[in-house]
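Input: a single structure, listed below in C-alpha cells.
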Amino acid sequence: MSKKLTKREDGYSKWYNELVVKADLAENSGVRGCMVIKPYGYAIWEKMQAELDRKFKETGHENAYFPLFIPKSFLSKEAAHVDGFAKECAVVTHYRLKNAEDGSGVVVDPDAKLEEELIVRPTSETIIWDTYRRWIESYRDLPLKINQWANVVRWEMRTRLFLRTAEFLWQEGHTAHETKNEALEEAELMLNVYAEFAEEHMAMPVIKGLKTESERFAGAEETYCIEGLMQDGKALQAGTSHFLGQNFAKAFDVKFTSKEGKREYVWATSWGVSTRLMGALIMTHSDDLGLVLPPKLAPIQVVIIPIHRNDEQLDAISVKVNEIVKELRKKGVSVKYDNRTTYKPGWKFAEYELKGVPLRIAMGPRDLENGTLEIARRDTLEKKNISQDTIVSYVEKTLEEIQNNLYNKALDYRETHITEVNTFEEFKDVLNNKAGFVSAHWDGTTATEDKIKDLTKATIRCIPLNNKIEEGKCIFTGEKSVQRVLFAKAY
RNA sequence: CGGGGUGUAGCGUAGCCCGGUUAUCGCGCCACGUUUGGGACGUGGAGGCCGCAGGUUCGAAUCCUGCCACCCCGACCA
C-alpha cells in the first residue's frame with residue numbers, strides 16, 4: 001500500500017481524510033455516515049476518556065447509563081429542543097422482521113409497528129429529565145451530578161471521519177441544582193475542566209467563551225464553549241457546557257421541596273465532548289509526514305527499533321533493549337519494542353512517523369559497541385546520539401519537552417491568527433487571505449450575525465469570557481457595540 | 001436534501017463514448033534467495049460474480065432503469 005500522504009498545502013481536507021485512514025485511526029463502514037474506529041484510534045480515545053473520567057469524578061460526578069431509545073413524545077416536551085434536533089433524528093418504527101414472500105431476504109413486518117415511535121438519542125436531556133423527576137424530591141437530593149459515556153446519533157447530511165459522523169461517541173453530563181447560581185457555577189466549572197484537558201493533555205490551546213443566541217444549544221439559556229483553531233485557519237468547537245435554566249425542569253415537571261418548604265423547579269446544566277476531539281487533535285499538530293501526538297495521549301510514547309544483519313546481532317541488541325524497556329516501563333513510559341524481522345528499519349521509521357509516536361529509538365551494532373543509541377523526536381524530527389546510561393531521564397525529560405513544544409507551537413499559531421479589524425472590508429480581507437479568528441465589534445443582533453454569515457461564511461465562534469469592555473461600532477451596521485467578538489469560518 | 005463526480009483484486013487504476021477471445025498496469029500479498037543505520041532487489045505465484053438489483057441483446061465492465069456507498073460544492077450540524 002502506498003503510504004504517501006497528500007501535503008497539507010495541496011489539500012488540507014484531503015490530507016486529513018488520508019491521514020485518518022493511513023495512520024490506522026478509523027475508516028468508513030458499510031453504514032452511511034458511520035465510522036469504524038480502529039484499535040490505534042480507539043486507544044487514543046481511551047486515553048482521553050480515562051483522563052476526562054478522572055476529572056469528572058474529581059469534581060464530584062458519578063457515571064450512570066440511560067437508554068439508547070427515547071419515546072417520541074419525550075422529545076417534543078421542550079419546544080426549542082425538539083426544533084433543534086427534529087431534522088436529524090433516526091426513528092425506530094417497527095420491532096420485527098419477517099422473511100419476504102418472494103424469498104429475496106427479510107422485510108419489515110408491517111404488523112409489528114410500534115404504537116409510539118422511538119427516537120435513537122441525539123442527546124439525552126429528555127430521557128434523563130424524565131428520570132430525574134422521580135429521583136428528586138427534596139433539596140437533600142441536590143445537587144445531582146451525573147455523567148454518561150454513550151453513543152448518540154445525529155443524521156448528518158455530510159459526514160467526515162471524527163469531525164462529523166452520523167453516530168459518534170461522547171460523554172454527556174447532566175446536573176440538577178437548587179439555585180441558578182449553583183447551576184451557572186457548574187456550567188463554568190465543567191467548561192474549565194474541558195479547557196484544562198484540551199490544553200494540558202491535547203496540547204491544544206482553546207478560547208473559552210459564550211455562544212451567541214443563534215449558536216446556542218437547543219433548549220439552553222446559555223452555552224459556554226471552548227474553541228480551538230486548526231492549522232488551516234478554521235475554528236473547531238471542541239466542547240460545550242450549557243446552562244439550561246429551568247427549561248427542562250419545567251418541561252418534565254422536576255420540582256423539589258426547599259428548606260423553606262416551598263415547591264421549586266430545579267436548575268440544570270448539561271455538558272459534553274465527543275470523538276470530535278480526535279479530529280481536533282489530528283488537525284492541531286500533525287504534519288505532512290503524518291500524525292503528531294502529544295505524549296500524554298500517545299498510545300505508544302517510545303518505539304525502539306533494532307538494526308541488525310543477523311540473528312546474533314538481534315539477540316545481543318534485544319538483551320540491551322529489554323533492560324531499557326524495563327526501566328522505562330518502571331517510570332510509567334509506554335514503550336514498544338518492534339523486533340519484527342518482517343519489516344526493514346526504514347519501513348518502520350516511516351510507519352511510526354505516520355502514526356505520530358513521539359520518540360523513536362534506534363539501536364544497531366555500532367551503538368552496542370559504543371554504549372549509545374539514536375533517539376529521534378517526532379515533533380522536531382531532530383535526531384541525537386546519546387549514551388544508553390542516560391536514556392531513562394532523557395526520555396522523561398524529552399516527552400515533557402515535546403508536550404510543551406506542541407502546545408507552544410499551537411499557541412503561537414493561534415495568537416498570530418487572532419486579527420482585530422474595524423471595518424467590514426478588513427474583515428473580509430482577513431478571512432480570505434489569512435483566516436483564523438477575526439476579532440470585531442458586532443451590534444449584538446442575530447440579523448447582523450446571519451447577514452455576515454451569508455456574505456462571508458464566517459460565524460461568531462464565541463464572545464470570549466475574559467473579554468474587555470471596549471466601546472466601538474459594529475463592523476457591519478455601524479451600530480454601537482460594547483465589546484469585540486470572535487468570528488471565524490468553522491468546522 | 002439540491003448541484004457535480006466516482007465505484008473494476010486489499011489499495012490506486014486502464015478498458016466504458018463506439019457491446020464481441022483468457023479484463024490492463026502499479027503497489028501490496030504469498031514462496032524462495034540475496035538484503036537490513038531512512039519506505040530493498042530478483043525470480044516465481046495467488047488473488048476479480050467489473051458496487052448491488054433488474055432490463056435490452058445471440059452476447060454486457062461497456063447500453064438503459066432503480067438502488068447503495070464514497071468524494072467535491074451548497075443548506076444543516078458536536
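Every chain is numbered from 1 and lettered A, B, ... according to where its sequence line falls, protein lines coming before strand lines. This one's a predicted model, so the numbers in the text were calculated from it and none came from an experiment.
A/Q237 comes within 4.0 angstrom of sugar-phosphate atoms only, judged by non-hydrogen atoms across all strands, and of no base. Using a 4.0 Å heavy-atom distance criterion, A/S274 is classed as a base contact. If you check every strand for non-hydrogen atoms under 4.0 Å, A/T165 touches a base. At a threshold of 4.0 angstrom between heavy atoms, the contacts of A/L236 with the nucleic acid are absent. Within the nucleic acid shown, A/F168 comes within 4.0 Å of at least one base atom, counting heavy atoms only. Using a 4.0 Å heavy-atom criterion, one finds that A/S13 contacts the sugar-phosphate atoms exclusively.
Across the protein-nucleic acid pair, A/Y12 atom OH and B/rC72 atom C1' stand 18 Å apart, rounded to whole Å. One can place CG of A/L161 at 7 Å from P of B/rC71, the figure rounded to the nearest angstrom. Remark: P of B/rC11 and CG of A/N28 are 13 Å apart, rounded to the nearest angstrom. The separation between A/W45 atom CH2 and B/rA78 atom C1' is 11 Å, rounded to whole Å. Atom C1' of nucleotide B/rC71 and atom CZ of A/R158 are separated by 9 Å, given to the nearest angstrom. The interatomic distance linking A/D450 (CG) with B/rC76 (P) rounds to 9 Å, in whole Å. Rounded to whole angstrom, the span from the CD atom of A/E27 across to the P atom of B/rC71 amounts to 13 Å. Whole-Å rounding puts the A/K14 NZ to B/rG12 P distance at 11 Å.
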Worksheet item: Going 5' to 3' along nucleotides 30-38 of chain B, which nucleotides have protein heavy atoms under 4.0 Å from the base (write B), which only from the sugar-phosphate (write S), and which from neither (write -)?
Response: ------BBB
Give me the distances for all protein-to-nucleotides 66-69 of chain B N/O pairs that come in under 3.5 Å?
none

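The aromatic rings of A/H242 and A/F217 lie parallel to each other, their planes meeting at an angle below 30°, with 60° marking the opposite boundary. Note: A/Y132 and A/W129 have perpendicular aromatic rings, judged against thresholds of 30 and 60 degrees for the angle between ring planes. Aromatic ring pairs are classed by plane angle as parallel below 30°, tilted from 30° to 60° and perpendicular above 60°; the pair A/W170 and A/F168 is perpendicular.
Heavy-atom distances to RNA chain B give each of A/R160 and A/D454 a nearest nucleotide, and the one nearer the 5′ end belongs to A/R160.
The environment of A/E62 atom CD is sparse: at most 12 non-hydrogen atoms of other residues, nucleotides or ligands sit within 6.0 angstrom.
For the residue pair A/R461/A/T459, the side-chain donor-acceptor check at 3.5 Å is satisfied. For the residue pair A/D338/A/Y352, the side-chain donor-acceptor check at 3.5 Å is satisfied. Counted by atom type alone, A/H61 and A/E186 present one or more donor-acceptor pairs between their side chains at under 3.5 Å.
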